[in-house]
Every structure is written in C-alpha cells, then in structure tokens.
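What follows is a short report on a single structure.
Atoms within each ligand, like the ligands themselves, are counted from 1 in listed order.
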Amino acid sequence: MNSGNKIIDETIQGQSLMLNPKNPNGKKLFLESYGCQMNFADSEIVASILQDQGFSTTQNFEEADVIFLNTCSIRENAESRVRNRLNDFKRVKKKNPKVLVGVLGCMAERLKSQFLEQEKLVDIVVGPDAYRDLPGLIDEAEEGQKAINVILSKEETYADVTPVRLGSNGVNAYISIMRGCDNMCSFCVVPFTRGRERSREPMSIVAEARDLYERGYREVTLLGQNVDSYLWTGGGLKKENLTPEQKEEAVSFAKLLEMVALVDPKLRVRYSTSHPKDMTDDVLEMVAKHHNICNYIHLPVQSGSSRMLDMMNRGYTREWYLDRMAAIERIIPGCGISTDIITGFCSETEEDHEETVSLMKHIQFDYAYMFSYSERPKTLAERKFKDDVPEAVKSRRLAEIVELQRQNSGIKTALGVGKVHEVLIEGFSKKSEEMLMGRNPQNTVVVFPKGDHKKGDYVNVLVTRCTTSTLIGEVVE
Ligand code: SAH
Ligand code: SF4
Ligand code: F3S
C-alpha cells in the first residue's frame, strides 16, 4: 500500500482468513472488495456481522458457501470489473447451486432489484446501510428466495459494530467517522449510493481508536467523503438550526481530531477526504498542534478551471483552492499534499485543461489520482450536460497530466533526500526481507535496512537516495 488514501477501484482484494467465529456454523464466506477505503472499511463491518453468525472466511471462492462482492459505482469501469468478476462465479454455481452469490455496496444500491433481473446468478442484493440485515437475507436466500434490502438510512453508522480487521498488517487501520454525502457534485454517484451525510458518535470513534492502540496498531485513518463536514450535535440536530451554545458543545472535525490524537502520542492519526470548500483553518491548526496528527492532506481539486468547478458544483473556485493551499503552507509548512483530478468533464476546452495543467505546475502535488470523466446515471451532469469531450481527447489530456504528475512526484520525493524522516514501520519492503518499509508523516514510502527494528516501531531514517516515489536511507538515532 503506497498511500493510505487512494481510490482502489483497480484493485481486487480477496480478503483473508481472519474470521474466528465463536460458534462456528461450518459455513465459509468469500468476500471481495472494490472501490474506496470506506467500502473496505464496510467489508470489515460485514465480516464482523457474519463472524457473529458463525461464518469463517476463505480466500478461495471455489470452496465458499457464500460469495460476496462489495462493489463500487464511481466510474463505469469499476462496474464492468464487477460484472466480469461475476462471470467467474458461474461455474461454481453450476457445480453447486446451493452456493449463494451476493452483491453489496454502491452498485447494489444503484441498481437495486435490476441486479436480480440482469444477473440471474445473483441471489442477494444489499445496500451499504442494510448490513445488519445480512443474516436474515442469507436465511431467505437459503430458502430459495431472492433477497434484497437497499433501504438507505439517515441514522445508521454501525457505531456499535467492532470491525474485523481484514488483510491487516496490524499497524494501520481505518475508522469510519461518518457515512453518506450531502454535496451533490454534479459528476458524482456517491450521494445516490450512500445516502445522506451523518456523523458517528465521537466516543465510539475514540473507543475504537483506543482499542486498536491497545492491540498494537499505531496508525488510524479517519474516513468520510467530506471529513471537514463532520459534526456531532448529540440529538441529531441539524447544523443550520443550532443555537450558539449548541454550536459550542457540538463536536467538530477539529475537536474530533484532537480527541483521537490524545488517545496516545504514539498513535498516528490520518484522515480522508478533506473538501476544499469546508476545510477551515481550525482543522489545520489542530494538525499543527499535535505531533501525531500527520502533516498530510488529501485535498481533491478535480479541475484547475473555475468554469469547470462551477459546472461540477464543487462550491469553490481556482482562487479559493489556491488560498486553501496557501493556508496549509502557512499553518503546516512542508505538509504533504495529494489530490484527485478529472479530465474531460462536460464541455471542457483546451483552455480549461491548460488551467488544470498550470495549477498542477504551480502547486506540485506530492501525489495525484487522475481519472477521465465517466458519466454516471442520475447525476446532475447526466441530466443537465452533454458528455461531449471525445474519448480520445479525454485520454490524451489524462496522459498529459499523468506525465506531468510523474515528474512532479519525482521532484517532490527528491526534496526528501539528505533529511531525517520519522518513519512508522509497516513491514518488509516489497523487494527484500532484509529491508523494512514505512511512511513518513507526509505519506511518502521510506525503505531502509532491517537492523533489529520491527513492524510498529518508530525510527528516524536519514534518507540518502530515492526513486520517483520511494525514499531510501538508514536508521539514525
Ligand atoms: N468525496 C471525495 C471523493 C470521492 S470519489 C471528494 O469529494 O473529493 C473519488 C474521486 O473519484 C473523486 O475525487 C473524483 O476525482 C473521482 N470521480 C468521481 N466521480 C467520477 C466520475 N463520474 N468520473 C470520473 N471520476 C470520478
Ligand atoms: Fe462525490 Fe462530491 Fe460527495 Fe465527494 S463530495 S463524494 S465528489 S458528491
Ligand atoms: Fe465507489 Fe461507493 Fe466508494 S461508489 S468510491 S465504493 S462510496
């Protein structure tokens, strides 16, 4: 894992044999996840609910009794991957018709019962707010009925469900702090698949962080589609209707960050995703105040053109974004910055594209996740605008910014050479068990000879050389 904050829709993860059911029912679950970190975090909720039902897990779908795909709808290719994957399960189902195939997550929510009609093989369809219903739905499906629950909730946060950490290295873990999104960016399907924004009760978040720390974890990433909008008001009160006293008492994202940071100075705190329109200086000041809140921000810009940003309904301009970048540099000097960029959004001209290029040259992001625009059904953009940038133009623009980012990443990584970095060790390096890897607070991977250090330790590494994305050096005292 290069970055704790990436969109992983190109990744398939067959998740591992970690369920340890108290009263085993002899049944095996194969659970594969797609999409963003929130979806991966949800799979850990699903695993927890099914562990309580006695399921164990398997990495081999051929021996599973229940096959679940936790799916993503963000771009068309994310959905195609799931459709292709379903084909792999056809022969399993042919051999053993009792095997149940379920589709969970965003694609389930988007397509609802259509899924059952389109993909005969699928028995169970469950949206992201209905996982508590999984045991009942599995029972129904076992009785031969098609089972579906895609009801979205205004309250569900799974606050009381302790996630089962799947495929974990025992050092880094995700904690969901909120669900849904109220933003309605015109290109985005998430508000339709995840429903309304709601914040999770803060003490349950702190308790989860503390429990992880006590079990040896040393880094948590707080997850939400727009973490800056986190607000716990106690009684489900709306932000707009709060009295000044209620506002004072409410737990904002900055306060929450501090509560988690205070669990232990040796617990690193990260978070994703920040939103340029809502990221206030008090959050940045909190990051600066606590050493263990990492100096790293994932701040998706989407485009460098204010005209595009307006059509995207992002709620900020190029100038506003640059102002936020200046605030970061002022309050957290040397902060690592990554972003998301979309090329070829509706009506994007060469001039708009050049504005994205110039913004990238100006800011020099450490890392960027770049996508060509993919029209999604029901979104504002699908209803109001024409997806009129030819595929070839979208890809050419994408290739241009990918190349520019490659150069920028190289430049930014090289700045770390000759300096000492605080590194939290995550495990062996990819290439050799003689080398360990970890990340500095800015989220750059650092590799160094093992010595007598181990996973979960903090070390200071003097970096002597680098590749485009990795720093290489030696531990110093
Ligand atoms: N909540 C986060 C992003 C969630 S989706 C935010 O507001 O920034 C992750 C990224 O996928 C987005 O930042 C965007 O760059 C990309 N994305 C979303 N919808 C897309 C679409 N229809 N086509 C291409 N990329 C898209
Ligand atoms: Fe989508 Fe915008 Fe919400 Fe992010 S903030 S999830 S891009 S609607
Ligand atoms: Fe995909 Fe849903 Fe996440 S659409 S990016 S899995 S919120």
Side-chain angles (χ1 to χ4, degrees), residues 5-11 13 32-43 69-79 81-82 103-111 127-129 152 174 176 178-197 223-230 271-279 297-304 308-309 311-316 321 324 338-346 348 356 365 367-382 385 387 389 391 394-395 397-398 401:
N5 298 62
K6 65 166 73 172
I7 301 303
I8 346 184
D9 83 53
E10 310 304 341
T11 309
Q13 281 205 349
E32 192 165 84
S33 307
Y34 297 76
C36 62
Q37 292 156 321
M38 301 218 62
N39 232 30
F40 281 74
D42 279 4
S43 287
L69 295 187
N70 193 1
T71 61
C72 173
S73 282
I74 200 82
R75 285 168 289 277
E76 201 176 335
N77 63 5
E79 293 201 352
R81 285 182 76 103
V82 169
V103 175
L104 320 182
C106 290
M107 220 175 147
E109 190 61 51
R110 193 178 82 70
L111 291 158
D129 286 345
L152 286 173
Y174 298 135
S176 276
M178 57 207 293
R179 301 181 68 82
C181 183
D182 282 351
N183 278 328
M184 289 291 175
C185 300
S186 63
F187 52 80
C188 184
V189 77
V190 171
F192 303 93
T193 62
R194 294 261 161 181
R196 299 309 299 265
E197 180 189 291
L223 295 180
Q225 294 297 352
N226 174 0
V227 289
D228 299 298
S229 168
Y230 176 92
Y271 50 93
S272 188
T273 304
S274 303
H275 197 302
K277 86 176 159 65
D278 296 319
M279 193 189 68
I297 301 182
H298 181 62
L299 194 66
V301 66
Q302 312 300 358
S303 168
M308 285 291 98
L309 290 170
M311 283 177 64
M312 288 173 166
N313 204 22
R314 286 288 287 179
Y316 57 88
Y321 189 88
R324 294 290 76 211
S338 60
T339 200
D340 293 346
I341 298 174
I342 299 177
T343 60
F345 185 61
C346 310
E348 187 187 66
T356 299
F365 296 105
Y367 199 86
Y369 303 90
M370 295 159 281
F371 314 99
S372 88
Y373 173 58
S374 164
E375 186 177 76
R376 307 311 294 131
K378 283 201 189 153
T379 55
L380 224 67
E382 190 246 2
F385 309 131
D387 180 14
V389 177
E391 277 314 310
K394 284 182 186 171
S395 335
R397 291 179 185 164
L398 182 62
I401 64 168

Could you list the atoms of ligand 3 found under 4.0 angstrom from a heavy atom of [X]?
X: Cys72; result: 1 (Fe), 4 (S), 5 (S), 6 (S)
X: Cys36; result: 3 (Fe), 5 (S), 6 (S), 7 (S)
X: Cys106; result: 2 (Fe), 4 (S), 6 (S), 7 (S)
X: Asn39; result: 6 (S)
X: Gln225; result: 7 (S)

Hey, is ligand 1 close enough to [X] that some N/O pair sits below 3.5 Å?
X: Thr273; result: no
X: Gln302; result: yes
X: Phe187; result: yes
X: Ser274; result: no
X: Ser374; result: yes

- Contact between Gly105 and ligand 3, counting heavy atoms under 4.0 Å? no
Inset, instruction - Would you please determine whether Met38 falls within less than 4.0 Å of ligand 3 on a heavy-atom basis? - result: no
Going through the distances and angles, do Asn226 and Asp278 end up as a side chain to side chain donor-acceptor pair (under 3.5 Å)? CA-CA 8 Å; Asn226 174 0; Asp278 296 319; 2.8 Å; yes
(request) Please work out whether the ring planes of Tyr321 and Tyr316 are parallel, tilted or perpendicular, with thresholds of 30° and 60°. (result) tilted
**Message:** Test your reading of the model: is there a side-chain donor-acceptor pair from Ser372 to the backbone of Leu398, 3.5 Å cut-off?
**Reply:** no
Does at least one non-hydrogen atom of [X] fall below 4.0 angstrom from an atom of ligand 1?
X: Ser372; value: yes
X: Arg314; value: yes
X: Ile342; value: yes

Next item on the list: Start with the C-alpha gap between Glu79 and Glu76, add the side-chain angles, then the distance that decides, and say whether side chain to side chain contact (heavy atoms under 4.5 Å, CB included) holds.
Entry: CA-CA 5 Å; Glu79 293 201 352; Glu76 201 176 335; 5.6 Å; no
Note to self: Is there a side chain to side chain contact (heavy atoms under 4.5 Å, CB included) between His298 and Phe365? Walk through the geometry before answering.
What the structure shows: CA-CA 10 Å; His298 181 62; Phe365 296 105; over 6 Å; no
Practice item. Walk me through it: do Ser186 and Phe385 pass the test side chain to side chain contact (heavy atoms under 4.5 Å, CB included)? Key: CA-CA 9 Å; Ser186 63; Phe385 309 131; 4.2 Å; yes
Out of Asp340, Asp278, Thr339, Asp387, the nearest non-hydrogen contact to atom 10 (C) of ligand 1 is supplied by Asp340
What lies under 2.8 Å from atom 3 (Fe) of ligand 2, restricted to protein N/O/S atoms, is Cys181 SG
Could you grab the distance from atom [atom1] of [X] to atom [atom2] of [Y], nearest 0.5 Å is fine?
X: Cys185; Y: Leu380; atom1: SG; atom2: CG; answer: 10.0 Å
X: Glu348; Y: Arg397; atom1: CD; atom2: CZ; answer: 4.5 Å
X: Asn313; Y: Asn183; atom1: CG; atom2: CG; answer: 8.5 Å
X: Arg196; Y: Leu152; atom1: CZ; atom2: CG; answer: 11.0 Å

Numbered in order shown, the ligand 2 atoms found under 4.0 Å of a heavy atom of Phe187 are 7 (S)
Near Arg314 (heavy-atom distance under 4.0 Å), the atoms of ligand 2 are 2 (Fe), 7 (S)
Close side-chain approach of [X] and [Y], heavy atoms under 4.5 Å:
X: Arg81; Y: Cys72; value: no
X: Arg179; Y: Arg194; value: yes
X: Phe187; Y: Thr379; value: no
X: His275; Y: Arg314; value: yes

| task | Please assess Leu69 against Met107 for the test side chain to side chain contact (heavy atoms under 4.5 Å, CB included), listing each intermediate value before the final yes or no. | result | CA-CA 10 Å; Leu69 295 187; Met107 220 175 147; over 6 Å; no
**Asked** Can Glu32 and Tyr34 be said to form a side chain to side chain donor-acceptor pair (under 3.5 Å), step by step?
**Response** CA-CA 7 Å; Glu32 192 165 84; Tyr34 297 76; 2.8 Å; yes
Taking only non-hydrogen atoms of Arg75 and a 4.0 Å limit, the atoms of ligand 1 in range are 11 (O), 16 (C), 17 (N), 23 (N), 24 (C), 25 (N), 26 (C)
Ligand 1 to Arg376, heavy atom cutoff 4.0 Å, flagged ligand atoms 22 (N)
Counting heavy atoms under 4.0 Å, the part of Ile74 that contacts ligand 1 is both
Under 4.0 Å between heavy atoms, the region of Gln225 that gets near ligand 1 turns out to be both
| task | Answer yes or no for Arg75 and Phe371: cation-pi contact, defined as NZ/CZ to six-membered ring centre under 6.0 Å and angle to ring axis within 45°. | result | yes
